[in-house]
Amino acid sequence: MPELPEVETTRRGIAPYLEGAEVEAFEVREPRLRWPVEAAIAGRIQGQRVERVERRGKYLLVQFAEGTLLIHLGMSGSLRVLMRDTPPGKHDHVDICLKDGHRIRFCDPRRFGAMVWTESPASQHRLLASLGPEPLGSEFDGDYLYRRSRGRRSPIKSWLMDSHVVVGVGNIYANEALFQAGIDPRRAAGRVSRQRMRLLATAVREVLASAIEQGGTTLRDFVGGDGKPGYFSQQLHVYGRGGQPCTRCGEALVGVQLAQRSTVYCRYCQR
DNA sequence: CCCAAGACCTGGCGGC
DNA sequence: TGCCGCCAGGTCTTGG
């Protein structure tokens with residue numbers, strides 16, 4: 001279940017198997033994902049060699065000489081590396097079969113995920129073209145957040161989760177980063193000071209980087225194929241802890257809904 | 001342009 | 001056990 005750290009962990013898990021490998025078949029058992037998986041993809045990649053596996057936000061980019069397969073894991077998607085003869089389960093919708101006998105299996109019970117083929121440069125594809133900067137890249141900092149947010153009246157948390165502002169900040173890490181930065185998630189984005197946007201940018205980077213580090217410890221799950229994507233064992237301060245004591249001041253954490261997403265914060269530590 | 005709500009799905013959980 | 005309502009890590013699309 002993919003936040004950016006898990007997508008990156010997935011990328012690291014599958015890249016060694018895919019890069020340089022030749023595709024033998026593209027098997028679609030259930031094409032009804034977010035958008036129908038085009039049958040024509042098979043003909044495009046069969047017999048082709050994977051050049052690179054990259055990531056942009058929460059999208060995985062499987063790059064061939066002639067085009068790119070974009071993969072999004074949605075809410076419940078996962079990719080595993082399996083051997084040729086492993087029988088598919090109920091929600092194992094797509095396999096990328098490799099000549100060497102491995103197969104990369106896409107499982108997604110809720111089918112919010114996507115597999116899309118594009119032949120123009122991937123960064124120009126409509127799904128990627130207007131994405132904000134990578135949170136761990138050099139473009140992303142407090143001054144960027146400050147500049148972009150002036151005049152915005154959305155709650156800072158909803159605004160931070162908008163992938164056109166910055167990619168990869170999902171519900172868990174939006175909650176955690178705002179706690180670390182001491183900012184009330186309900187506060188209008190345009191009313192957060194430059195100084196506190198700097199704290200927020202740092203918090204986003206730290207929380208994601210540390211989660212990626214921990215995601216790295218579950219790499220073998222993707223290879224071994226037991227299907228457990230490995231939850232982040234990182235200490236969560238607020239996410240899922242509504243009503244429990246704040247780890248900083250001990251008062252009860254408050255749960256609210258913001259843009260239909262569960263939000264937890266400390267009313268004393270976050271302003 | 002900005003923002004909130006709706007849409008897409010299945011499964012797991014607690015409560016009765 | 002069974003059924004029901006609610007919740008879930010995302011984000012594109014629509015409507016005001």
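Chain letters run A, B, ... following the sequence lines, proteins first, then strands; residues in each count from 1.
Salt-bridge annotation for A/R49 and A/E19: absent, with no side-chain N of the basic residue lying under 4.0 Å from a carboxylate O of the acidic one. A salt bridge links A/R80 to A/D92: at least one charged side-chain nitrogen sits closer than 4.0 Å to a carboxylate oxygen. Between A/R194 and A/D143 there is a salt bridge, since a side-chain N of the basic residue sits under 4.0 Å from a carboxylate O of the acidic one. Between A/D95 and A/R105 there is a salt bridge, with a side-chain nitrogen of the basic residue lying less than 4.0 Å from a carboxylate oxygen of the acidic one. Looking at A/E24 and A/K99, no side-chain N of the basic residue comes within less than 4.0 Å of a carboxylate O on the acidic one, giving no salt bridge.
When distances are taken from the side chain of A/R152 to each of B/dC2, C/dC12, C/dT11, the shortest belongs to B/dC2. Taking only side-chain atoms of A/W35, from C-beta outward, the nucleotide of C/dT11, C/dC12, B/dC3 with the closest atom is C/dC12.
Nearer to the 5' terminus of DNA chain B, by closest-nucleotide assignment, is the contact made by A/G151 (compared with the other of A/H91 and A/G151). Checking A/N171 against A/H164, the closest nucleotide of DNA chain C that is more toward the 5' end is the one next to A/N171.
The same atom, P, is picked in C/dT14 and in B/dC9; the two are 15 Å apart, to the nearest Å. When the C1' atom is compared between B/dC3 and C/dG9, the two are found 23 Å apart, to the nearest whole Å.
The phosphate of B/dC3 (OP1 or OP2) has no side-chain N or O of A/R153 nearer than 4.0 angstrom. Phosphate contact (OP1/OP2 of C/dG9, side-chain N/O of A/Y173, threshold under 4.0 Å): absent. OP1 or OP2 of C/dA8 sits under 4.0 Å from a side-chain N or O of A/S262. Contact between the side-chain N/O atoms of A/S154 and the OP1/OP2 oxygens of B/dA4 is found at a separation under 4.0 Å. Between A/H72 and C/dT11 there is a side-chain polar atom (N or O) within less than 4.0 angstrom of OP1 or OP2. At B/dG11, one or more side-chain N or O atoms of A/K90 fall inside 4.0 Å of OP1 or OP2 (strictly under the cut-off).
Nearest approach of A/N171 to A/E3, heavy atoms of both residues: N-OE2, 3.5 Å. Nearest approach of A/V7 to A/P2, heavy atoms of both residues: CG2-CB, 3.7 Å. Among all heavy-atom pairs drawn from A/Y17 and A/H102, the shortest one is CE2-NE2, 3.6 Å.
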Output a table of donor-acceptor pairs, distance under 3.5 Å, between side-chain atoms of residues 32-42 of chain A and any protein atom two or more places apart or on a different chain; print 'none' if there are none.
from, atom 1, to, atom 2, distance (Å)
A/R32, NE, A/E30, OE2, 3.0
A/R32, NH2, A/E30, OE1, 3.1

All N/O donor-acceptor pairs, side-chain side in residues 237-244 of chain A, below 3.5 Å, sequence neighbours left out:
from, atom 1, to, atom 2, distance (Å)
A/H237, ND1, A/T247, OG1, 2.8
A/R241, NE, A/Q244, OE1, 3.4
A/R241, NH1, A/H237, O, 2.8
A/R241, NH1, A/P245, O, 3.2
A/R241, NH2, A/P245, O, 2.9

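Atoms CZ (A/R241) and C1' (C/dA8) sit 19 Å apart, rounded to a whole Å. Following rounding to the nearest Å, A/M161 (CE) and B/dA5 (P) show an atom-to-atom distance of 15 Å. For the pair A/Q260 CD and B/dA7 P, the computed distance is 10 Å after rounding to whole Å. A/L258 has its CG atom 14 Å from the C1' atom of B/dC3, to the nearest Å. Between the CH2 atom of A/W159 and the P atom of B/dC1 there is a distance of 17 Å, given to the nearest Å. Distance CZ (A/R32) to C1' (B/dT10): 12 Å, rounded to an integer number of Å. A/R261 places its CZ atom 14 Å from the P atom of B/dA5, with the value rounded to the nearest Å. In this structure, the CG atom of A/D108 is 9 Å from the C1' atom of B/dT10, given to the nearest Å.
Residues from residues 179-190 of chain A placing a heavy atom under 4.0 Å of any atom in DNA chain B do not occur. Taking every heavy atom of residues 118-133 of chain A and every atom of DNA chain B, no pair lies under 4.0 Å. Residues from residues 109-117 of chain A placing a heavy atom under 4.0 Å of any atom in DNA chain B, listed by number, are A/P109, A/R110, A/R111, A/F112.
Rounding to the nearest 0.5 angstrom, the gap separating the CG atom in A/L69 from the CD1 atom in A/I104 is 11.5 Å.
Taken together, the paired segments of DNA chain C that extend over three or more consecutive Watson-Crick or G-U pairs, each closer than 3.5 Å at both contacts, are B:2-8 with C:10-16, B:10-16 with C:2-8.
The base of C/dC12 is paired with the side chain of A/R34 by a donor and an acceptor separated by under 3.5 Å.
The environment of A/E139 atom CD is sparse: at most 12 non-hydrogen atoms of other residues, nucleotides or ligands sit within 6.0 angstrom. For A/R29, the CZ atom sits in a packed shell: over 12 heavy atoms of surrounding residues, nucleotides or ligands are nearer than 6.0 Å.
No side-chain donor-acceptor contact under 3.5 Å links A/S158 to the backbone of A/S154.
With hydrogens and angles left out, the side-chain atoms of A/Y59 and A/R55 include no donor and acceptor closer than 3.5 Å.
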